[in-house]
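What follows is a set of notes on a single structure, which appears directly below.
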Amino acid sequence: METRYNHKDIEEKWLKNWNEQKNFKPASDVSKSSSEHFSIVIPPPNVTGALHLGHALNNTIQDILIRYNRKLGKNTLWIPGTDHAGIATQAVVEKRLLKDEKKTRHDLGREELVKRIWDWKNEYEARITSQLKLLGSSCDWDRQRFTLDPMCAKAVRYAFFNLFKKGLIFRGKRLVNWDTHLHTAVADDEIYHENVKGHFWTFKYPLADGSGYIPVATTRPETILGDTAVAVHPEDERYKKFIGKTLKVPFVNREIPVIADAILVDREFGTGSVKVTPAHDPNDYATGLRHKLPMINILNEDGSLNENAGEFKGLKGEKARAAVVEGLEKESLLIKVEDHEMQVGKSDRSKTIIEPYLSDQWFVKMDKLAEKAMQAVESGEVKFTPARYAKNYLNWLGEKRDWCISRQLWWGHQIPIWYASSEPTHFANRKDIHYFKAESGDWLVCSLEEDLPENEKLTRDPDVLDTWFSSALWPHSTMGWPSETEDLKNFYPTSVLVTARDIISLWVARMVIFSQENMGKIPFNNVYINPTILDGQGRRMSKSLGNGVDPLDIIEKYGADSLRFVMCSICTENQEARLPVKKEKLEDGREINISEKFEIGRNFGNKLWNAARFLQPHISGESVNRENLSSDNLEDKWILSRLNTVIKETQNAIANYRFSEYAATIYHFVWDDLCSRYLEIKKGEISKESSSLLSYSLYTVLDLLHPIMPFITEELNDILFPNSQRVILREFPKANENLINAEIEKQFEDIFTIVEAVRSVRGRYSIAPSQKITAVAKTTVDLKSSKSMIEDLGLCSFELGEKPAFSASVVIPGGEVFVPLEGILNKETEIARLKKEIEKAESFAASIEKKLSNENFVKNAPVAVIDGEKQKLATQRDIVEKCKVALTELT
RNA sequence: GGACAAUUAGCUCAGUUGGUUUAGAGCGCUGCCUUCACACGGCAGAGGUCACAAGUUCAAAUCUUGUAUUGUCCACCA
């Protein structure tokens, strides 16, 4: 074995091996197994780009759960896949098209553009898959899905058809967030808000009879052209008299009423009067509905003003605004202009300003569906970890907003709806076709499977569905729904969903809804929300900030196991994980981002590697003895107690999704207990018995650690225990409670304090390890067979006895340790140290005395606590006493 | 504006139901050691009034309230 663990070849070797042995496939595929199932569907990464560190974290956690449950003997399935990510993917491809070829999608046409996006998808899906594999993800790659593949497409058609038939999908004119650049509606959550410095224009709204005006203020003067009312507060003395009167809209000369509306109008704000543009503002839209106002659309799809804008037709954005302001000025209607800071919504995808826009869209009616999905969480059927995220889910669903599912895009599932101008009676007897007459007079025809032929009577809706529509079906569409498949029988519902908190509403909630609707069951019992990874300054990692860390760089530099170990370690309740990012120049000239955090994982792997390397010659060829583990040696009983405690703690941690605790428990056991203590004790003379316990401990550690660090554990197992079953499949250790013994652990710790006392003297005087020293202890602790252990670890010759002359002393519980240092002992050093020790112990003792002299404490506190305090006090007094004696001897 | 969180050593973070912790780990720092598994290592050590204020309690890093700062999600003002 090499002195350092070299991950590169080893990772490749085991990926190949596991794959060849079909270890990632569920047991039921390989043999007839009827054991309990454990299944996960991957949150499908978007094919927009390669995976980042957040994905690495998300998938590490999933793989840990999968590998752990596989080792528990469950019939385990992890379904991988990717998401077409509608707008996002089309946007990146269109952007590249414009950059490379100076073409827009209209130059290419729908068919050609979609073909280009498929090419992009194929490239990135391959990259994503390769990244997941290199991470060690034990997915069943034969079941890989894509949200646009035929299996998922069928599920989408069935889901849509069913909802349509039930009347839960409807088409309507709604105010949507319109992306004027991409010419599509976007969801509320695809918008971000930016503070911009704008203006607040106050102008005169003239009465139709010419008898005066109402002053109205606005940040968007161009929308005057679409006004259909002006609202005032019903109890506003200034404007009460105008209610019911008629105003004339400047430029277009339309007559509109003055209405009273206490919801829209805040008397204190601005002029206390509000112009109402129902077609271009959400609040105004609501007002329009309340007052049955006409809704006049003044925009074209590209955001330019349309024919309803009269003389301003064709103008767009800032130009339109400037022209309208100029017009107001010309007609002497402008009163004043103020600076005004406001927020504008921008599209995530195109980064352009979103216009509220009235258009025909498809919606899912949410009220009843949301209600049921809320119940699933309220009843505890679906459990969130950490629990507080349930609130997030419930709040959002509680709004029960109808979900706009149509997108004016080309990349996605085209809506299976055809418009007919007259009743399509020839479909009347078809079970797979459902139609009805819409408010608009059109007949809406939905076809379950077949794409209907288009002609002059029948045209297909060109829109596609919101990406989240197909994502919402993911847990059952990937298993073959609506067909009654074996997978659905064997693996549905899934066991846990591991995802990020920012898509709880977008995705998690909708999966629950659609699963309840389609399957009549919840999609998963548990939702684990994994932390968000931030850089050292607490910012999200992103391309534009240049602070993103590529998981492949980390895998190359530190190894997949190191990456995984650190990912596991940062999964705490905190839910935010900062990784200080550092630039590094590689030999080939590439500059990459890394984080020194990953050294922890690499160093840990190396530590384990070397422990195994040391042990290897002693145990080669022997099989592990897992029976007859009893021993009379204190240290042997101790390591068995520790090992079994760790098994218990590990299982506990995983069961409660406490991943950082899981990693820390094993790290501490391997490094401190196994290597620094047990191995150091045993290394002097490795007998048959001790090597068997050592190898047993290591063997068990490989199992415990395998879910986090699969590669190195499998490799070490192959080296040390070539005749055993591979770690990936063999049974996870079970704790033997009989071997857990707190008394033994305490005894061992007591003896170890003697070792540490000797070492601290050595440290205090900087005595090189090569220089032999003697240690003498006066103690009540039973030392029995531990003399040689103290001598080995303390690098001293050790005996019991009274204090020799010229010795440094250390007080330990129940005694004192002396190290004679004639010629080396420095009085000042000793005196200073003793004084410090006394001071510390005295102040501690004082605080305990204070506590114990408090009547209420003695009266109310449990006996055990009081006894504990008394014990502590006695210890501190003992320290003071002994140190004082030592001090007098020195002075 | 609403909701949810965070604030503990120079840095990144643990600390599960208040009492075995006048607070732990890793990195960094100081001293000693290339000792026959590991310098990606060993041993010893320095370093914190647990953001601030009030309260509850015999007892608070831990519970309550308030303040400050930071972050996330949701909703948004003509």
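So that the names make sense, note that chain A is the first sequence line, chain B the second, and so on, each numbered from 1.
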Name the nucleic acid region contacted by [X], choosing base, sugar-phosphate or nothing; use a 4.0 angstrom heavy-atom cut-off, strictly under.
X        : value
A:Lys772 : nothing
A:Arg501 : sugar-phosphate
A:Trp671 : sugar-phosphate
A:Leu795 : nothing
A:Arg388 : sugar-phosphate

Using both distances under 3.5 Å as the test, list the Watson-Crick or G-U wobble partner of B:U69, or none.
->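 Result: B:A6.
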Both distances under 3.5 Å, Watson-Crick or G-U wobble: report the partner of B:A44, or none.
->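 Checking every strand shown, B:A44 finds its partner in B:U30, with both distances under 3.5 Å.
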Under 4.0 Å from OP1 or OP2 of [N]: is there any side-chain N or O of [X] that close?
X        : N     : answer
A:Lys391 : B:C4  : yes
A:Asn603 : B:G41 : yes
A:Lys872 : B:U20 : yes
A:Lys607 : B:C40 : no

A:Glu599 has an atom CD; how far is it from atom C1' of B:C11, in whole Å?
->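 After rounding, the reported distance stands at 14 Å.
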A:Asn283 CG to B:A78 P, straight-line distance once rounded to whole Å =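 In whole Å, B:A78 P lies 9 Å from A:Asn283 CG.
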Polar side-chain atom of A:Thr665 near backbone of A:Glu649 as donor-acceptor pair, under 3.5 Å =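 Answer holds: no.
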